[in-house]
Structure formats: C-alpha cells, structure tokens
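Reviewing the structure listed below.
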Amino acid sequence: MKIEKLNEENIKTLLTKLLKRSPISYGKYEASVNEIIGNVRENGDKAVFELEKKFDKVDLNPQNIRVNKEEIDEAYSKVDDKLLTVIRKSLKNIRAFHEKQKQNSWFTTDEKGIFLGQKVTPIAIAGVYVPGGKAVYPSSVLMNIVPAKVAGVPRIVMCTPPGPDGKVYPSTLVAANEAGADEIYKVGGAQAIAAMAFGTESLPKVDKIVGPGNIYVALAKKAVFGYVSIDSIAGPSEILVLADETANAHYVAADLLSQAEHDEMASAILITTSQKLAEDVGKEIEGYLPKLSREEIIRKSLDNYGHLFVADSKEDAIAAVNQIASEHLEIVTADPFLDMTKIRNAGAIFLGTWSSEPLGDYFAGPNHVLPTNGTAKFFSALCVDDFIKKSSVISYSREALKEIAEDIEDFAECEKLTAHANSIRVRFDAESTETKSGVSDDWRYYEQNCYHKEKN
C-alpha cells in the first residue's frame, strides 16, 4: 500500500472515491430491481416462485416456502455444540446491551389540568433480511432480530435465500430460532424485499425492513421506502484506524485486513502521525496476505480503497476522521479515551489495542449494523429505537385552554388558517349557542367574521 501525506486535497479525492461505492450510485441496476418489485407487487406468490427458480435455482410453493419445525430441528442436529454455545453467549451480550436502550412512555400533569406525554409503541411486524449465497451470517441474524425483540415487536419475519437443495444454512436457522424469529421464509434478493414490503399470499406485509444484502437488495430497500420503513441503504464495509507511534503495527495491519476481506469494494484506511508506523503497517500487510484465504479479494480492496495516510498533527488526523465518518473506527493511541471525546462521526468506535473490530462484529453486544459511506454524520447503529414509534399525547382542561386560546388564534390567523383559529374560538365564544337541530351557530359567526375578514 502506498503511503500518502494527509492533506485537504487527498481527503477530498478519497471522499469522492468512497461515495461512488454507495448503492445509490448504481443506477444501472435500478430498472431490473424495479421490474422485480413491480412483478411481485402485482403477482404475489407466483412472481416470487418464478424469481426464486430463476435466481436461486429452487422450486418453491405455498407448502415449502416457510421453514417448518422439522427443518429447524434438523438444523440444530447439524450445528456443532461449540458453535451453539458461542451463539448463545453472543446473544446474551447483544440482548443485555440493547436492553439498556429501551424507552418507556412518559406523562406529565400540572395543577391547571394539562396532561402531556409520549406513548412508546413497538411496530407490529418487523421484516429481517439475511444474506445467503456464498456466505453465512448468523451474527447478522442476531444483530437484526434482537433489537426488534427487545423493543417488543410481536411478530418478526425473516427472509433468507435457500440453497439449490431448498434449505437454509443450519447456523442461520439456529441463530434465528435462538434470537426469536417468529417466521422464516426461503426467499432472497429483491423479490424478498418486495414480498415483505407489499405482502403476498404466503408472506405478510411488514412495517419495517432491516438487514444487509447485495446491490439488488440495497436498491430494492431504497425503492420500497415509503411503503415501509427501512433501516438504511448499506454500502461496502469500512474500517479506519487512527493511530500514533504507540500502536502495534502487527495488530493494526491485521485489523485493516479484517475488513478488506469482505469484498473488493471494502475500504481499509490508516491515519497516523507516525511515518514509521505507516511503513511498518505496509510491510506487515504484505507479510500477512499470502497466509490469508481471501488474498485475491483483499488485494483488490486495498488496491482500490486501501490508504495509509500520515498526518502532520493529531488535530489534522482527527479532523480527517470526522470528515470520513467511517463505519468502524479504531483508536489506537496513547490516550484513546481522550481522543474518542473529539470524534463526532463514526458508526462504532473501538478503543485501545485489545478492542479489535471483529469484537464488535460478533460478541461485545453493540450492534454491527452500522452507517456506511459517510452517513455516520447523520445515521446511527441499528438499535431498539428503530423498532418503536412515539406518539405524542395531549389533553387540556377547559381552564387551561381558555388561558392560551387567544395566543393560538393569533398564531393560526397569522398563517391564514382561519378554520384552525375557529376550532379554538368556538369553545369560548359567548355568542355561540346550540340550535334546536343540534347544529352550533359558531359557523355562522365564522362566516360573518373570519371568512369576510380574510377576503378583505
């Protein structure tokens, strides 16, 4: 990897290059995705079965599209006891972390008879997408289902593509069952997103879709946003390591490679104040590569999106970190906790030598579904809040409303919304009386005063 001097021009070039990896930039796929979505929306199960036959080479029907208890039992028989133990340990940590995010409804009152509050309600049905294909992601199963479960979502639906044998990876099924998925369907790709967004004869319409996927899944989530809510449009994985001369080059190199192996578009960046560390990390990376199973993928990732930057000062380094707003940020400096207080933009922050990024991917507890492509400037990690709704609650007594009635009327009339003003006025108008038919005279007053006043 080439060592570069950190400056404004280099960072600007980097940000432009990283942004091009965003699924939003891949418009050439949108027509295909929209065609799939339209087909599923119009034809339901029929379209899903045809698309699964085309893309996943599997024959599905209403009887086998949903994973049954026998298949889950079979999956348990195929998962090693050691892995099952690890899944359960990880699940415990993830649940404990997300339990701390729970919010409760709250209400306040005062002596005037004003009652205000916020009612917190979980969404009714959450849809979770889990990738399949060439990789297995039981960790993503846990990370997407647990916050929904903790939020109190009563129905959690999961979709994941089956293999040619019509079955789902055993570890994926076991993780889903352990985490608390209520229904699991053997559907993948854009057709799964469309099925959850609009519903079919076999799959329910959900309120929100979460989970990572390929470019087709990402663009499908973008396309159905508005019909349902989504977590985010995830891009390729990213890691940024902020380090000084105290960092261990051997460890830093290993951490950079841990993300570069995801795919050819993954980004691995080092920003350091030490020229020597940058040189040592470069050498360590070359030493590691021949020993790694995904060497070809890693080399392509590093060639296109790998960078070793040397900054003139810690301040310059931290400013660049905040500009990049990486998905994963490791701080390996003499005082990582102090440096962390200066970070404004990052998906997840790992502090110190022993807090390597895979710790967050699998086991620590915080969610590994994180904002990418600089969206950490305004998005957060997937959390319990993503699965709840907050409703405002308002109740005023007659006395409390009368005290501020004129203020509301003035505000409404300022905006030329005379019906708003009238809605308050009629409650206190001395001329307002009920007619024999039960219809109030207030609207006569409104016509005679507010309407003509507005016209003039």
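Numbering starts at 1 and runs along the sequence shown. Side chains are part of it too, since the values below use all heavy atoms of this structure and drop only hydrogens, waters and symmetry mates.
- Gln259 and Glu357 share a donor-acceptor pair across their side chains, judged by distance under 3.5 Å alone.
- The local environment of CZ in Phe337 is sparse, with at most 12 non-hydrogen atoms from other residues, nucleotides or ligands closer than 6.0 Å.
- Each of Thr109, Thr108, Ile394 was compared with Phe115 under the side chain to side chain contact (heavy atoms under 4.5 Å, CB included) criterion, and only Thr109 meets it.
- Closest approach of Ala400 and Ser397 over heavy atoms only: N-OG, 3.1 Å.
- The two residues Gly188 and Gln191 come nearest to each other via the heavy atoms O-CD, 2.8 Å.
- Under a 4.0 Å N-O distance rule, the pair Lys221/Asp231 qualifies as a salt bridge.
- Remark: Glu8 CD is loosely packed, at most 12 non-hydrogen atoms of other residues, nucleotides or ligands lying under 6.0 Å away.
- For the atom pair OG1 of Thr353 and CD of Glu330, the computed distance is 9.5 Å after rounding to the nearest 0.5 Å.
- At least one donor-acceptor pair closer than 3.5 Å links the side chain of Asp110 to the backbone N or O of Ile114.
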- Starting from the C-alpha separation in whole Å, work towards a yes-or-no answer on side-chain contact (heavy atoms from CB on, under 4.5 Å) for Leu14 and Ile324. CA-CA 8 Å; Leu14 173 67; Ile324 295 169; 3.7 Å; yes
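- Dense packing is recorded around CD of Glu201, with more than 12 heavy atoms of other residues, nucleotides or ligands lying under 6.0 Å away.
- When side chains are defined from C-beta on, Ile331 counts as touching Leu329, because their heavy atoms get closer than 4.5 Å.
- Counting only distance, with no hydrogens or angles, the side chain of Arg294 and the backbone of Glu261 share a donor-acceptor pair below 3.5 Å.
- One N or O on the side chain of Asp207 and one on the backbone of Ile125 form a donor-acceptor pair closer than 3.5 Å.
- Once rounded to the nearest 0.5 Å, the distance linking CG of Leu292 with CD1 of Ile285 reads 10.5 Å.
- Using a 4.0 Å cut-off between charged nitrogen and carboxylate oxygen, Glu52 and Lys57 do not count as a salt-bridge pair.
- Between Asp303 and Arg299, no side-chain nitrogen of the basic residue sits less than 4.0 Å from a carboxylate oxygen of the acidic one, so the salt-bridge criterion is not met.
- Aromatic ring centres of Tyr362 and His368: separated by at least 6.0 Å.
- Residues satisfying the side chain to side chain donor-acceptor pair (under 3.5 Å) criterion with Asp339, sequence neighbours excluded, are Lys314, Thr333.
- A salt bridge links Asp312 and Lys5; the closest N-O separation between the charged side-chain nitrogens and carboxylate oxygens is under 4.0 Å.
- When atom types are taken as modelled, the side chain of Glu71 and the backbone of Asn68 share a donor-acceptor pair closer than 3.5 angstrom.
- Using the six-membered ring where Trp is involved, Tyr29 and Tyr216 have ring planes that are perpendicular, over 60° apart on the 30 and 60° scheme.
- Arg41 and Tyr227 get closest at one heavy-atom pair: NH1-OH, 3.4 Å.
- The pair Glu296-Lys300 meets the salt-bridge criterion, since a charged nitrogen lies less than 4.0 angstrom from a carboxylate oxygen.
- Considering all non-hydrogen atoms of both residues, Asn93 and Phe363 come closest at ND2-O, 2.9 Å.
- Between Glu315 and Lys342, no side-chain nitrogen of the basic residue sits less than 4.0 Å from a carboxylate oxygen of the acidic one, so the salt-bridge criterion is not met.
- Checked for salt-bridge contact, Arg88 and Glu178 meet the test: a charged N lies under 4.0 Å from a carboxylate O.
- The neighbour count for Glu70 CD, taken as heavy atoms of other residues, nucleotides or ligands under 6.0 Å away, is above 12.
- In this structure the side chain of Leu240 reaches within 4.5 angstrom of the side chain of Val321, judged on heavy atoms.
- In this structure, a donor-acceptor pair under 3.5 Å is present between the side chains of Asp385 and Gln103.
- Enclosure of atom NZ in Lys167 is not indicated, since only 12 or fewer non-hydrogen atoms of other residues, nucleotides or ligands lie within 6.0 angstrom.
- Around the NZ atom of Lys119, the shell of radius 6.0 Å holds no more than 12 heavy atoms that belong to other residues, nucleotides or ligands.
- With 3.5 Å as the limit, one finds no donor-acceptor pair spanning the side chains of His250 and Lys283.
- Side-chain atoms of Ser171 do not come within 3.5 Å of backbone N or O of Pro138 as any donor-acceptor pair.
- Although no hydrogens or angles enter the test, the distance criterion places no donor-acceptor pair under 3.5 Å between the side chain of Glu327 and the main chain of Gly347.
- Atom OH of Tyr76 is surrounded by more than 12 heavy atoms from other residues, nucleotides or ligands within 6.0 Å.
- Closest of all the heavy-atom pairs between Met340 and Leu351 is CB-CD2, 3.7 Å.
- Distance check, rounded to the nearest 0.5 Å: NZ of Lys53 to CG of Asp59 gives 3.5 Å.
- For Glu99 and Arg95, the salt-bridge test fails: no basic side-chain N is under 4.0 Å from an acidic carboxylate O.
- Looking at Asn64, its side chain does come within 3.5 Å of a backbone N or O of Asn61 through a donor-acceptor pair.
- The shortest side-chain heavy-atom distance between Val168 and Lys186 falls under the 4.5 Å cut-off.
- Between the side chain of Thr341 and the backbone N or O of Leu338 there is at least one donor-acceptor pair closer than 3.5 Å.
- Under a 3.5 Å cut-off, the side chain of Lys149 and the backbone N or O of Gly180 do form a donor-acceptor pair.
- A side chain to side chain contact (heavy atoms under 4.5 Å, CB included) with Glu183 is found for one member of Val67, Val157, Ile156 and no other, namely Val157.
- For the pair Gln101 (side chain) and Val384 (backbone), a donor-acceptor distance under 3.5 Å is present.
- In the displayed structure, Lys17 atom NZ is contacted under 6.0 Å by more than 12 heavy atoms of other residues, nucleotides or ligands.
- Relative orientation of the Phe350 and His328 rings is tilted, given thresholds of 30° and 60° on the angle between their planes.
- Considering only heavy atoms from C-beta on, Thr272 stays 4.5 Å or farther from Ile3 through its side chain.
- A donor-acceptor pair shorter than 3.5 Å cannot be found between the side chains of Ser274 and Asp244.
- The heavy-atom pair separating Phe55 from Ile36 by the smallest distance is CE1-CD1, 4.1 Å.
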